[in-house]
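Residue numbers begin at 1 in each chain, while the letters A, B, ... track the order of the sequences.
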Amino acid sequence: MATLEIKDLHVSVDTEDGPKEILKGVDLTIKDGETHAIMGPNGSGKSTLAYSIAGHPKYTVTQGSVTLDGVDVLAMSVDERARAGLFLAMQYPVEVPGVSVANFLRTAKTAIDGEAPKLRTWVKDVNTAMEQVKMDPAMSQRSVNEGFSGGEKKRHEIVQLELLDPKVAVLDETDSGLDIDALKIVSDGVNRFKEDGDKGVLLITHYTRILRYITPDFVHVFVDGRMVEEGGPELAEQLEAEGYDKYVKSAV
Amino acid sequence: MTVATDSVRNALEQSPEKVVSHLHPEGSFEIADHVVPTGREEVWRFTPLKRLRGIHQDAPLDGHSFTVEVHAADGVTAEAVGVDHESRGTSGIVPPDRVSARAWAAADSVFLVDVPKEHVGEEATTVTLTGTGNDVASAGHLVIRAGAFAKATVVIRFQGTATLAENVEIVVGDGAELTVVSLQDWDDDAVHHSTQHARIGRDATLRHVAVSFGGDVVRHDATAEYAGPGGSVEMLGMYFADEGQHIEHRLFVDHNQPHTRSNVNYKGALQGQGAHAVWIGNVLIRKEAEGIETYEENRNLVLTDGCQADSVPNLEIETGEIEGAGHASATGRFDDNQLFYLRSRGIEESEARRLVVHGFFNDLIRKIGVPELEEQLVGTVEAELEKNVHRITGATAPVEVP
Ligand SMILES: Nc1ncnc2c1ncn2[C@@H]1O[C@H](COP(=O)(O)OP(=O)(O)OP(=O)(O)O)[C@@H](O)[C@H]1O
Ligand SMILES: [Mg+2]
């Protein structure tokens with residue numbers, strides 16, 4: 001059971017010339033088992049939306065609300081949001097030198113569950129999750145994301161998605177920078193996550209390619225800080241053929 | 001002035017290549033050749049002289065306020081010998097400053113750790129010096145010597161409290177592999193001034209490690225030079241400067257022989273009001289030092305407001321025929337993106353900071369390569385973080401990314 005509800009969300013960032021509004025009133029409701037795709041041109045504010053949901057300190061919410069099953073998400077700290085069941089797969093996963101993947105995953109799992117995972121099953125779970133995305137389990141001894149290729153970083157995000165098992169996953173351009181094989185591997189991971197049927201997915205992407213492997217229930221077109229159109233999977237086909245031009249023009 | 005003529009004469013008497021480097025003033029055994037520092041001198045400008053308890057002036061150095069406990073590895077001798085022992089002075093040390101010259105004159109014995117030639121041992125020799133009081137200053141002289149093709153590890157641990165001025169000589173025989181760890185685990189009110197000089201034999205390797213956690217003022221000045229081509233030195237250091245602490249590491253690698261290598265890597269964390277860390281990394285590549293390789297790096301992690309980290313790398317190159325030379329220095333606060341990433345996985349802020357600090361030191365601790373120490377150093381980092389956990393979380397609560 002999980003419903004993520006975003007209402008009239010306005011978000012700004014601090015710039016040298018004062019605050020700049022990036023999100024200009026976003027409305028979106030993701031119910032149980034629904035997959036929503038958000039598509040939009042570069043710089044339209046897709047990552048801003050993702051980071052704002054996760055609580056990145058760079059972004060200031062100036063108006064609106066975000067709730068998870070009716071509970072105010074904006075009042076929570078970053079880690080509280082994660083423990084409440086939100087997960088953000090990042091467009092640019094961060095390197096943390098000196099902290100091993102194994103240590104990181106165990107610490108995160110312990111934090112999310114409120115207790116340490118059982119050692120024996122945990123090691124197996126980690127290995128399985130890594131093998132499923134074709135990551136060498138030996139990589140768990142390396143520092144988090146350090147020296148990982150772009151594709152390895154994205155697969156590592158999916159490993160975390162599988163192990164931490166959130167209620168709602170926000171995937172910010174998890175498909176970008178992947179070759180076709182890696183794209184299938186990552187999509188399979190997301191589909192396994194969706195299998196339970198009660199998970200929400202917000203899939204942010206620039207390209208329609210990933211939507212051939214992960215079928216969205218809804219597609220939203222995002223331009224200049226707001227949703228400008230909503231439809232079913234067929235909207236993605238149309239975007240593929242026509243691009244964002246007509247939306248970008250009408251937004252100006 | 002005799003000072004000037006003496007040093008000119010010395011310079012002329014030595015081989016013509018031995019030019020005086022502007023990185024390092026010419027030393028002297030004569031106390032009178034070293035005027036009392038005022039704090040304006042380049043080599044003293046970072047040091048809080050007032051807190052040195054007069055060891056840089058004329059305070060007597062005749063205290064013997066410490067006990068020494070030795071655990072010598074099989075085949076290694078570690079014992080006090082007379083000041084006239086043949087080993088003294090064999091590193092080529094010439095006191096570079098007044099404290100060192102005074103300690104040289106005041107020492108009434110030499111502690112010698114002697115590793116016979118071709119002796120190979122895994123077990124570390126540990127010398128623990130426990131200070132028993134700091135109102136009278138003490139002088140010390142330590143010689144660590146590894147014979148040709150020997151392989152050994154020597155750990156010198158300082159604890160308790162003292163006002164200590166010491167000279168340390170490290171002599172690495174041809175083809176030998178020596179690890180020397182100086183662990184400053186002092187109480188908060190110790191003053192420790194240490195002048196270290198290492199001579200690295202042909203094809204020999206020295207791993208020199210400084211770990212500084214305790215003490216009110218800790219000032220270490222370590223020089224490495226080579227007795228033949230093919231030598232290699234790795235100088236590793238980690239420090240944790242707390243509230244009011246001054247921790248200063250001055251390093252000088254003198255590439256005076258061809259095909260020698262040096263790698264300097266120091267990492268420090270600072271926390272609390274008035275915590276001050278100083279790192280000076282001087283590397284001189286002399287004209288004859290062709291085909292050498294050198295890299296030096298210092299990183300500081302500033303955990304709270306009110307700290308100061310000074311980090312000064314200097315590379316002086318007199319020949320163009322080198323394999324590689326580089327340096328890096330960086331001082332920064334917590335990386336907000338790292339903290340965000342960890343926290344977005346449910347990890348609480350304080351725990352995320354702990355992970356980042358441990359991560360910062362981990363690769364260095366592994367490089368030190370002394371298994372007996374590894375766990376202990378991780379534990380010390382943990383204990384340092386414990387001390388300041390409130391301050392750390394408090395100081396940067398609203399994290400703003402520009
Ligand atoms: N500190 C800042 N100062 C000024 N503008 C900023 C700042 N941070 C972000 N922006 C702007 O906010 C807008 C939205 O950025 P965001 O990263 O959310 O876009 P995006 O839709 O994810 O783009 P992409 O497809 O390239 O990932 C961009 O125009 C960006 O330049
Ligand atoms: Mg983006």
Inset, instruction - Decide if atom NZ of A:Lys194 counts as having more than 12 heavy atoms of other residues, nucleotides or ligands within a radius under 6.0 Å. - result: yes

Legend entry - Sub-4.5 Å side-chain heavy-atom contact between A:Asp79 and B:Ile347: no

Legend entry - Student check: side-chain heavy atoms of B:Glu351 and A:Thr107 closer than 4.5 Å: yes

Inset, instruction - Could you check A:Tyr51, A:Tyr59, A:Tyr92 and say which one makes a ring pair (Phe, Tyr, Trp, His ring centres under 6.0 Å) with B:Phe340? - result: A:Tyr51

Inset, instruction - May I ask you to decide whether A:Glu80 forms a salt bridge with B:Arg343, counting only side-chain N to carboxylate O separations under 4.0 Å? - result: no

Inset, instruction - Heavy-atom pairs under 4.5 Å with chain B are the metric here; pick the option from A:Leu105, A:Leu88, A:Leu164, A:Val13 that has the most. - result: A:Leu88

Inset, instruction - Could you check if a side-chain atom of B:Glu348 sits within less than 4.5 angstrom of a side-chain atom of A:Ser77, using non-hydrogen atoms only? - result: no

Inset, instruction - Answer yes or no: does atom NZ of B:Lys367 have more than 12 heavy-atom neighbours from other residues, nucleotides or ligands under 6.0 Å? - result: yes

Inset, instruction - Enter the distance from A:Ile112:CD1 to B:Arg345:CZ here, rounded to the nearest 0.5 Å. - result: 9.0 Å

Inset, instruction - Using a 4.5 Å cut-off on heavy atoms from C-beta on, say whether the side chain of B:Ser344 contacts that of A:Val78. - result: yes

Legend entry - Contact summary for B:Gly346 and A:Ala82, nearest pair of heavy atoms: N-CB, 3.2 Å

Legend entry - Under 4.5 Å from a heavy atom of chain B, the part of A:Pro166 involved: neither

Legend entry - Polar side chain donor-acceptor pair, B:Tyr341 to A:Asn145, under 3.5 angstrom: yes

Legend entry - Between B:Asp336 and A:His56: side-chain donor-acceptor atoms closer than 3.5 Å: no

Legend entry - Any B:Leu355 side-chain heavy atom under 4.5 Å of A:Val96 side chain: no

Legend entry - Polar side-chain atom of B:Asn362 near backbone of A:Gly98 as donor-acceptor pair, under 3.5 Å: yes

